[in-house]
Amino acid sequence: MMDLDWRPPKGVLIDLDGVMYVEEQLIPGALDAITYLRQHGIPYRFLTNTTIHSRADLLAKLQRLRIPAALEQIVSPPAAAARWLRAQGAPRVHLVLLDSTKADFGEFEQDDQHPRYVIMGKMGNRWNYEMLNRIFRLLIAGAELIALHKDRFTEYEDGLSLEFGAFVAGLEYATSKPALVIGKPSPSFYHSALADLGTSAEDTVMIGDDLFSDIQGAQGVGVRGVLVRTGKYRASIVEGSPVRPDRILPSIAALPALFGG
């Protein structure tokens with residue numbers, strides 16, 4: 001039974017990695033949770049910080065895992081960054097991205113010497129001092145840094161791993177220039193998702209496994225943050241943080257409980 005002060009949401013934002021799946025492993029009950037939303041006519045969007053795949057690649061993965069989704073239901077930082085750059089008049093860019101993500105920026109002129117913006121995303125184990133120093137020099141020379149997100153760590157099948165948000169923070173410190181963060185927890189990213197979803201912040205919940213990007217980011221724009229105990233969730237991180245989720249669920253499988261089901 002729901003708490004008396006809990007108001008069932010009218011729309012749902014759902015993280016992908018760690019909530020719907022971990023790498024290629026579907027979280028038990030994830031498919032049933034989406035089926036519940038569809039059967040009850042509850043709108044949802046997948047709000048992901050993934051920067052290693054284009055939206056088309058993400059859709060293909062969801063379809064491979066049998067998760068019902070359409071391209072317009074996926075809100076990702078590369079797509080949002082491309083829209084933002086388009087509004088700036090399509091400036092020259094230097095891409096620090098995997099080839100699979102560069103496809104989302106094919107319309108922009110690539111400039112490795114004097115770019116207006118450096119677009120920084122996930123590079124896996126390719127990060128090294130030379131790469132970071134090249135970014136540092138471009139920023140010192142006048143380029144601005146766009147970070148596709150600023151996550152601290154992520155979850156793989158073998159455990160937690162450092163995310164490139166740590167490198168973003170290091171570059172901000174070294175250059176004294178704040179990065180423009182496009183993905184979660186950026187308020188503009190959440191507002192864009194809400195506009196697409198068509199629900200108000202107070203009538204929406206964000207379901208995620210990241211206490212900072214998902215929960216704190218959502219709460220910062222008035223969306224209720226629901227933390228799941230899968231993916232990168234660690235009880236010690238929750239207990240040691242001032243961030244307090246509005247609800248904690250065992251997994252996405254318990255999603256119907258948010259609606260009194």
Closer than 4.0 angstrom, basic N to acidic O: yes or no for [X] and [Y]?
{"X": "R152", "Y": "D210", "answer": "no"}
{"X": "E72", "Y": "R45", "answer": "no"}
{"X": "K177", "Y": "E172", "answer": "no"}
{"X": "R92", "Y": "D111", "answer": "yes"}
{"X": "R86", "Y": "E107", "answer": "yes"}

Steps toward side chain to side chain donor-acceptor pair (under 3.5 Å) verdict (T51, T101) = CA-CA 7 Å; T51 67; T101 314; 5.5 Å; no
Apply the test side-chain contact (heavy atoms from CB on, under 4.5 Å) to residues L249 and R229: give CA-CA distance (whole Å), side-chain angles for both, the deciding distance (0.1 Å), then the verdict.
-> CA-CA 6 Å; L249 300 179; R229 293 192 183 100; over 6 Å; no
Inter-residue atom distance [X].[atom1] - [Y].[atom2], 0.5 Å rounding:
{"X": "S176", "Y": "I140", "atom1": "OG", "atom2": "CD1", "answer": "8.0 Å"}
{"X": "I34", "Y": "D32", "atom1": "CD1", "atom2": "CG", "answer": "10.0 Å"}
{"X": "R134", "Y": "Y129", "atom1": "CZ", "atom2": "OH", "answer": "12.5 Å"}
{"X": "I74", "Y": "S54", "atom1": "CD1", "atom2": "OG", "answer": "9.0 Å"}

Heavy-atom side-chain contact between [X] and [Y] under 4.5 Å:
{"X": "E144", "Y": "L180", "result": "no"}
{"X": "L194", "Y": "F189", "result": "no"}
{"X": "V93", "Y": "V118", "result": "no"}
{"X": "V205", "Y": "R247", "result": "no"}
{"X": "H40", "Y": "P256", "result": "no"}
{"X": "I252", "Y": "M20", "result": "yes"}
{"X": "Y44", "Y": "L13", "result": "no"}
{"X": "D214", "Y": "N49", "result": "no"}

Closest contact, heavy atoms only, [X] versus [Y]:
{"X": "L65", "Y": "L26", "answer": "O-CD2, 3.9 Å"}
{"X": "E202", "Y": "R224", "answer": "O-NH2, 3.4 Å"}
{"X": "V243", "Y": "Q219", "answer": "CG1-OE1, 4.1 Å"}
{"X": "P115", "Y": "A143", "answer": "O-CB, 3.5 Å"}
{"X": "L132", "Y": "L171", "answer": "O-CD2, 3.8 Å"}
{"X": "K184", "Y": "V181", "answer": "O-CG1, 4.5 Å"}

Would you confirm whether [X], through its side chain, and [Y], through its main-chain N or O, come within 3.5 Å as a donor-acceptor pair?
{"X": "Q39", "Y": "Y36", "result": "no"}
{"X": "D209", "Y": "K232", "result": "yes"}
{"X": "D246", "Y": "G225", "result": "yes"}
{"X": "T35", "Y": "L31", "result": "yes"}
{"X": "S100", "Y": "I52", "result": "yes"}

Please assess I119 against L85 for the test side-chain contact (heavy atoms from CB on, under 4.5 Å), listing each intermediate value before the final yes or no.
-> CA-CA 10 Å; I119 315 297; L85 287 168; 4.0 Å; yes
I would like to know whether V75 and F46 meet side-chain contact (heavy atoms from CB on, under 4.5 Å); could you show each step before the answer?
-> CA-CA 6 Å; V75 185; F46 295 112; over 6 Å; no
Does the side chain of T154 pick up a donor-acceptor pair with the side chain of D17 at under 3.5 Å?
->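 Their side chains do not contain a donor-acceptor pair, so the 3.5 Å distance test is not met.
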State, without any angle test, whether T199 and T204 hold a side-chain donor-acceptor pair at a distance under 3.5 Å.
->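 Yes, because at least one side-chain N or O of T199 sits under 3.5 Å from a partner of the opposite role on T204.
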Just wondering, more than 12 heavy atoms not from [X] lying within 6.0 Å of its [atom1]?
{"X": "R137", "atom1": "CZ", "result": "no"}
{"X": "E23", "atom1": "CD", "result": "yes"}
{"X": "K10", "atom1": "NZ", "result": "no"}

In sequence, state the C-alpha distance, the side-chain angles, and the governing distance for D203 and S200, and then conclude on side chain to side chain donor-acceptor pair (under 3.5 Å).
-> CA-CA 5 Å; D203 286 328; S200 64; 3.1 Å; yes
Quick one: sort the Y117 and W84 rings into parallel, tilted or perpendicular, breaks at 30° and 60°.
->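 Y117 and W84: perpendicular rings.
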Using the ring of each side chain (for Trp, its six-membered ring), is F105 parallel, tilted or perpendicular to F108, with breaks at 30° and 60°?
->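 It falls in the tilted class, 30° to 60°.
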Criterion side-chain contact (heavy atoms from CB on, under 4.5 Å) against I27, the qualifying member of V19, V22, V228 |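 Among V19, V22, V228, the one that satisfies the side-chain contact (heavy atoms from CB on, under 4.5 Å) with I27 is V22.
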Sole candidate of L95, I146, V168 that passes side-chain contact (heavy atoms from CB on, under 4.5 Å) when paired with M120 =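 Between M120 and the candidates, side-chain contact (heavy atoms from CB on, under 4.5 Å) is satisfied uniquely by V168.
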Starting from the C-alpha separation in whole Å, work towards a yes-or-no answer on ring-ring contact (aromatic ring centres under 6.0 Å, His included) for F164 and H149.
-> CA-CA 8 Å; F164 75 89; H149 66 69; 4.4 Å; yes
Chi angles and distances behind the side-chain contact (heavy atoms from CB on, under 4.5 Å) call for H191, S186 | CA-CA 9 Å; H191 285 308; S186 166; over 6 Å; no
Under the salt bridge (Lys or Arg N to Asp or Glu O under 4.0 Å) rule, what pairs show up with a residue in residues 46-61, not counting sequence neighbours?
->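 Sorted result for residues 46-61: E24-K61.
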CA sep, side-chain torsions, deciding dist, call: E163, K122, salt bridge (Lys or Arg N to Asp or Glu O under 4.0 Å) | CA-CA 8 Å; E163 260 288 13; K122 194 164 190 168; 3.2 Å; yes
Could I get the full list of side-chain hydrogen bond (donor to acceptor under 3.5 Å, both in side chains) partners for S213, not counting sequence neighbours?
->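 Residues passing side-chain hydrogen bond (donor to acceptor under 3.5 Å, both in side chains) with S213: D151.
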Hydrophobic cluster membership, I67 vs L59, 4.5 Å side-chain cutoff |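 Linked within one cluster.
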